[in-house]
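This report concerns only the one structure given below.
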Amino acid sequence: MFLTELQQEEKEAFLELAYLIATIDGNYSVFENPVIVKYQKEMDLEDYSSKGATLEDILKVFKEERSKHIVLTEILRLVYSDGIVHENEQKSIRIIREHFGFDSNKYANFKDWIVGIKELANYPEHE
């Protein structure tokens, strides 16, 4: 949604983070792959491949508050894309939230917004 607002270094770091989160549960799901492909297209990084950066190194790249909001929003979209939030995904989200300095209320607002969007996208159309 807002990934084009990130700086080039942040875009690459975000993709590293997305790859890391998508595979952290040991299962790169068929639901997560299209989300990552969409991220790559949105940021014009279709040919990007993961360099295997650590979570700590990735998170250091994001310094601006707006960038942190974008990253958390999009990572939550990825995590909730398959409908299953694995324990390792939860741990990673907690680390991201704490590193970015988001309190539990702010995090809950982001999470509720993403879950609401997912539900809306899956809502059947009435004829």
Side-chain angles (χ1 to χ4, degrees):
M1 259 185 262
F2 305 104
L3 294 172
T4 57
E5 294 182 32
L6 298 176
Q7 300 299 317
Q8 188 63 31
E9 180 185 24
E10 293 174 325
K11 289 177 182 180
E12 291 177 12
F14 175 79
L15 278 180
E16 287 291 326
L17 182 59
Y19 289 138
L20 181 67
I21 297 297
T23 59
I24 204 156
D25 61 358
N27 181 26
Y28 188 57
S29 91
V30 296
F31 298 103
E32 293 167 326
N33 183 55
V35 175
I36 290 182
V37 169
K38 184 176 183 257
Y39 291 157
Q40 289 174 302
K41 286 181 183 177
E42 182 178 344
M43 296 185 291
D44 198 27
L45 292 171
E46 289 94 342
D47 296 329
Y48 186 84
S49 58
S50 176
K51 312 239 183 324
T54 66
L55 182 58
E56 294 77 25
D57 288 339
I58 294 167
L59 295 179
K60 290 176 189 174
V61 172
F62 304 103
K63 295 173 178 58
E64 301 295 322
E65 199 68 19
R66 176 81 174 153
S67 296
K68 293 174 182 179
H69 287 184
I70 291 168
V71 168
L72 183 61
T73 299
E74 294 295 344
I75 289 300
L76 285 172
R77 254 181 77 203
L78 176 64
V79 167
Y80 284 96
S81 67
D82 62 2
I84 301 165
V85 182
H86 188 272
E87 183 180 331
N88 288 339
E89 290 172 328
Q90 289 176 353
K91 284 182 188 176
S92 297
I93 293 296
R94 189 183 74 252
I95 290 168
I96 293 166
R97 181 179 66 84
E98 290 171 358
H99 180 85
F100 287 171
F102 294 143
D103 65 27
S104 56
N105 288 333
K106 191 171 206 171
Y107 167 74
N109 289 335
F110 278 102
K111 180 182 162 206
D112 291 346
W113 187 60
I114 293 302
V115 169
I117 288 172
K118 183 175 177 2
E119 288 174 5
L120 183 60
N122 292 329
Y123 193 79
E125 291 185 33
H126 296 288
E127 296 180 19

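Positions are given from 1, in the same order as the sequence printed here.
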For the student: nearest non-hydrogen atoms of Ile75 and Tyr39, plus distance: N-OH, 4.3 Å
Leu59 CG to Lys68 NZ distance, which is reported to the nearest 0.5 Å: 9.5 Å
Stepwise side chain to side chain contact (heavy atoms under 4.5 Å, CB included) test for Gln40 and Ile36: CA-CA 6 Å; Gln40 289 174 302; Ile36 290 182; 4.2 Å; yes
Any Arg77 side-chain heavy atom under 4.5 Å of Lys38 side chain: yes
Joint cluster assignment, Leu76 & Phe2, ILVMFWY side-chain distance < 4.5 Å: yes
Where Ile58 and Ala13 come nearest, the two heavy atoms and their spacing: CG2-O, 3.3 Å
CD (Gln8) with more than 12 external heavy atoms under 6.0 Å: yes
Those residues that, when tested against Phe62, pass ring-ring contact (aromatic ring centres under 6.0 Å, His included) (two or more places apart): none
Neighbour count above 12 (heavy atom, 6.0 Å) for Gln7 CD: no
Separation between CD of Glu74 and CG of Leu15, rounded to the nearest 0.5 Å: 11.0 Å
Atom pair CD/CG of Glu10 and Leu3 - distance to nearest 0.5 Å: 10.5 Å
Residue pairs fulfilling side chain to side chain donor-acceptor pair (under 3.5 Å) with at least one residue in residues 45-58, sequence neighbours excluded: Glu16-Tyr48, Glu16-Ser50, Thr54-Asp57
Minimum side-chain heavy-atom gap Val71-Phe100 below 4.5 Å: yes
Pairwise side chain to side chain donor-acceptor pair (under 3.5 Å) hits with a residue in residues 89-106, at least two apart: His69-Lys106
Check against side chain to side chain contact (heavy atoms under 4.5 Å, CB included), Leu45 and Glu12: CA-CA 8 Å; Leu45 292 171; Glu12 291 177 12; 4.3 Å; yes
Derivation of the side chain to side chain contact (heavy atoms under 4.5 Å, CB included) call for Ile93 and Val85: CA-CA 10 Å; Ile93 293 296; Val85 182; over 6 Å; no
Non-hydrogen atoms of Val61 and Glu9 that approach each other most closely: CG1-CG, 3.7 Å
Leu55 CG to Ile24 CD1 distance, which is reported to the nearest 0.5 Å: 7.0 Å
Transitive ILVMFWY side-chain link Met43 to Val37, under 4.5 Å: no
Residues Leu78, Glu32; criterion side chain to side chain contact (heavy atoms under 4.5 Å, CB included); working and verdict: CA-CA 6 Å; Leu78 176 64; Glu32 293 167 326; 3.9 Å; yes
